There are 2 protein chains.
Amino acid sequence: MNPHLTPTAPGRRRRPVRQPTIHDVAEAAGVSKSAVSLAIRNQRGVSETTREHILAVAQELGYRSNVWARSLVQGRTGLVGILLQDLGNSYHRDVTAGVEDAATERDLRLVIGHGRRNATRLQAELDSLLALGVEGVIIISSWVSPQYLERISKRVPLVVIGRLPDPVPGVDTVANRDEIGARLAVEHLTDLGHTNIAHLTSSSRPAAMHRRAAFTKIMRARLPGVDPQVEGPEQLEAAIRYLVFQIQQEKDAPTAVFTQNDRVAADLVGACLDAGVRLPDQLSIVGYDNSSICRMLRPQLTSVDQPRHEMGRLALEMLSERLAGRTEDRHVTIAPELVVRASTKALREPAGGEQQHRPMMVD
Amino acid sequence: MNPHLTPTAPGRRRRPVRQPTIHDVAEAAGVSKSAVSLAIRNQRGVSETTREHILAVAQELGYRSNVWARSLVQGRTGLVGILLQDLGNSYHRDVTAGVEDAATERDLRLVIGHGRRNATRLQAELDSLLALGVEGVIIISSWVSPQYLERISKRVPLVVIGRLPDPVPGVDTVANRDEIGARLAVEHLTDLGHTNIAHLTSSSRPAAMHRRAAFTKIMRARLPGVDPQVEGPEQLEAAIRYLVFQIQQEKDAPTAVFTQNDRVAADLVGACLDAGVRLPDQLSIVGYDNSSICRMLRPQLTSVDQPRHEMGRLALEMLSERLAGRTEDRHVTIAPELVVRASTKALREPAGGEQQHRPMMVD
DNA sequence: ACAATCTGCTGGAACGTACCAGTTTCGGCC
DNA sequence: GGCCGAAACTGGTACGTTCCAGCAGATTGT
């Protein structure tokens with residue numbers, strides 16, 4: 001009959017060492033649980049003296065409020081997910097840092113999901129984030145299928161950092177302007193006198209395709225006589241080998257390469273050096289991402305720099321707008337910048353060819 | 001009076017779109033919530049036909065069980081935290097992958113905390129993990145103070161991957177055997193004829209100090225006549241400049257360097273190439289970690305390989321032993337292996353010196 | 001045939017918190 | 001001194017789930 005009999009005697013069956021609860025603090029402090037709740041959350045309704053007393057007791061007992069119970073009753077978790085393709089990638093690291101900073105400001109907690117460069121795992125991880133109760137997800141990956149994205153976006157707001165093949169209703173995007181990145185790279189190279197410029201790319205995913213298209217477009221605009229050459233979408237290694245072979249034969253070989261990203265550029269640099277191709281004398285190379293790789297390579301890599309931190313920050317801001325009620329889709333792009341290093345060099349006077357002449361840009 | 005009046009009318013104040021609950025599914029399927037609960041968790045107590053029916057209804061409504069409510073009543077979250085110093089680091093990535101794999105097997109969910117190479121942030125992140133309700137934490141960092149570790153370890157089990165200055169009661173550790181790593185590196189170099197071997201290190205944190213001590217010890221044992229030279233603990237850049245200068249002067253310069261890790265090695269390689277030091281002819285270099293950096297550098301870097309995946313896996317297993325009730329501390333070490341690449345080369349016959357002779361190890 | 005067991009299902013009671021409607025306390029004012 | 005109103009504090013309820021005791025109805029054992 002007495003309801004207080006059951007909970008005390010056989011109850012508390014779970015943890016060997018139970019975490020103190022708001023009840024324990026209340027009892028120890030000689031107040032009601034409501035008072036403790038108010039004191040903890042720094043709300044008014046308790047006097048300053050009792051608040052201090054309660055906090056002291058809580059501190060002593062080592063009380064920590066149970067986020068789960070709190071969010072259960074409040075109906076919100078304050079959690080935001082971020083889905084990465086790959087830890088161990090400085091691009092993702094920097095974007096994440098931007099997201100983190102913005103999240104901290106907005107009192108949101110970030111939960112990281114790790115896709116490990118595997119589409120299946122990526123989706124499982126996304127599910128996992130949802131199960132954890134995130135109120136929105138930022139995705140740094142183009143590997144999630146549009147169908148899946150659309151389904152998920154009905155449940156929680158989604159922001160994709162990067163390119164999507166097509167806009168997905170309900171999904172916001174943040175992307176760098178590949179057209180500008182490609183233009184910066186190509187202009188830099190043409191300014192240095194290069195005309196035979198190739199693009200080296202490793203995949204046919206949306207992001208890579210977009211960058212590749214941007215390259216082709218800007219090449220057509222800047223060098224109408226030249227057919228833009230794209231290498232490697234199916235077989236990167238073979239393309240690199242062929243490129244090196246061409247250069248060694250010196251017939252019609254590209255004198256400059258704009259790569260899809262720094263990793264690909266690093267592979268190319270390695271292959272060139274192994275084959276005895278002198279860099280940057282025989283070949284100028286421009287990467288994309290301005291990652292930590294750039295400074296490790298010799299020659300150090302000229303690269304297009306995306307404002308990674310800013311992109312992360314922006315993504316979180318867009319997500320929190322969604323949480324605040326925005327319903328129309330937003331797609332934001334940010335202009336990248338070129339960081340010139342030692343891997344690009346003016347083309348030596350070609351035998352009898354006509355030389356493109358433009359004033360060199362000073363950085 | 002009627003308690004059913006209040007919840008229906010003004011209630012449901014939170015989400016605009018409320019997630020379906022177990023109640024909704026029960027109502028739609030025409031069974032009790034208990035039946036739904038059983039069906040969802042695949043427990044016996046419901047017939048196969050009703051289970052299928054319930055699952056179908058749940059699927060249709062898009063029901064997802066609320067982890068928070070579940071763990072509230074179960075008294076456990078099934079969450080394990082991992083605290084990283086740095087996303088964007090392939091060492092951390094690989095260890096994390098190992099932890100993830102083991103966690104999946106044990107039906108634990110991994111939550112990643114990101115310290116961003118900043119001691120304050122690291123502790124904040126650890127707090128954050130605890131607030132999320134993790135049942136244990138794996139820490140890949142030696143930046144957390146022992147006092148803090150000890151305090152936290154009273155609350156949840158802790159496993160540190162790496163070195164601690166001193167064992168902390170209640171904290172398990174997984175570490176690679178730096179003595180073996182150092183021995184492999186030094187033996188490889190002496191086998192190649194090197195005697196003037198320096199150690200290049202960038203910090204005086206426990207892990208680095210331990211590796212350094214291991215180097216000194218093995219040098220004393222292998223080359224009793226030589227004074228083991230350690231460079232850089234305070235000022236890495238200056239030490240590298242000095243090293244390069246020494247080599248250029250060719251007087252008493254080390255002919256081989258064993259570095260604290262691959263990053264440091266990469267800096268050294270870059271400085272050497274910039275200064276025109278020929279690698280590996282004038283200097284052999286051995287790194288530590290066998291990270292992705294190794295294959296990017298030219299010459300490709302010989303490096304000590306820690307079984308990162310295995311270490312992560314082991315850490316999680318130790319954590320789950322703790323969760324199962326183990327109380328005594330465990331400290332496990334794993335032997336690393338040497339991966340020989342192009343950055344190490346046999347010393348050319350010294351002018352009139354005596355040459356250490358040992359048969360070369362075949363890998 | 002009847003008790004005993006099993007199967008399939010139900011409703012109520014937690015879990016730890018926030019919210020809310022009350023209730024007490026207390027200071028100020030006429 | 002009595003009244004009023006705000007401030008301080010309390011107890012009950014709800015959040016979505018699991019667990020548990022219980023209850024029919026079917027099945028088995030003797």
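In this text, all values refer to a predicted model and were calculated from it rather than measured experimentally. Side chains are part of it too, since the values below use all heavy atoms of this structure and drop only hydrogens, waters and symmetry mates.
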Would you indicate, yes or no, if D:dC9 has its OP1 or OP2 atom less than 4.0 angstrom from a side-chain nitrogen or oxygen of A:S47?
yes

Does B:T21 put a side-chain nitrogen or oxygen below 4.0 Å from OP1 or OP2 of D:dG16?
no

Atom pairs and distances, donor-acceptor, side-chain atoms in residues 79-86 of chain A, under 3.5 Å, two or more places apart:
unit_1, atom_1, unit_2, atom_2, d
A:Q85, OE1, A:W143, NE1, 3.0
A:Q85, NE2, A:S141, OG, 3.4
A:D86, OD1, B:R93, NH1, 2.8
A:D86, OD2, B:R93, NH1, 3.1

With a cut-off of 6.0 Å (strictly less than), are more than 12 heavy atoms of other residues, nucleotides or ligands near CD of A:E60?
no

May I have the distance from A:W68 (atom CH2) to C:dT17 (atom P), rounded to whole angstrom?
14 Å

Tell me: CD of B:Q19 to C1' of D:dG16, nearest whole Å?
12 Å

In whole Å, what is the span from the CZ atom of A:R76 to the P atom of D:dA14?
23 Å

note: A:R70, atom CZ; D:dG16, atom P; distance rounded to Å ~ 18 Å

Spacing between B:K33 atom NZ and C:dA13 atom P, to the nearest angstrom:
11 Å

Would you mind telling me which of C:dC15, D:dT18, C:dC19 lies closest to the side-chain atoms of B:L72?
C:dC15

Please report the distance, rounded to the nearest Å, between CD in B:Q43 and C1' in C:dT7.
15 Å

Measure CD/B:Q74 against P/C:dA13 and give the value in whole Å, please.
21 Å

Atom CD of B:Q43 with >12 non-hydrogen neighbours under 6.0 angstrom:
yes

Specify the angle, to 10°, made by the local axes at the two ends of the helix from C:dA1-D:dT30 to C:dC30-D:dG1 when five pairs are taken at each end.
50°

Nearest-Å distance for atom pair CD/P, residues A:E48 and D:dC9
11 Å

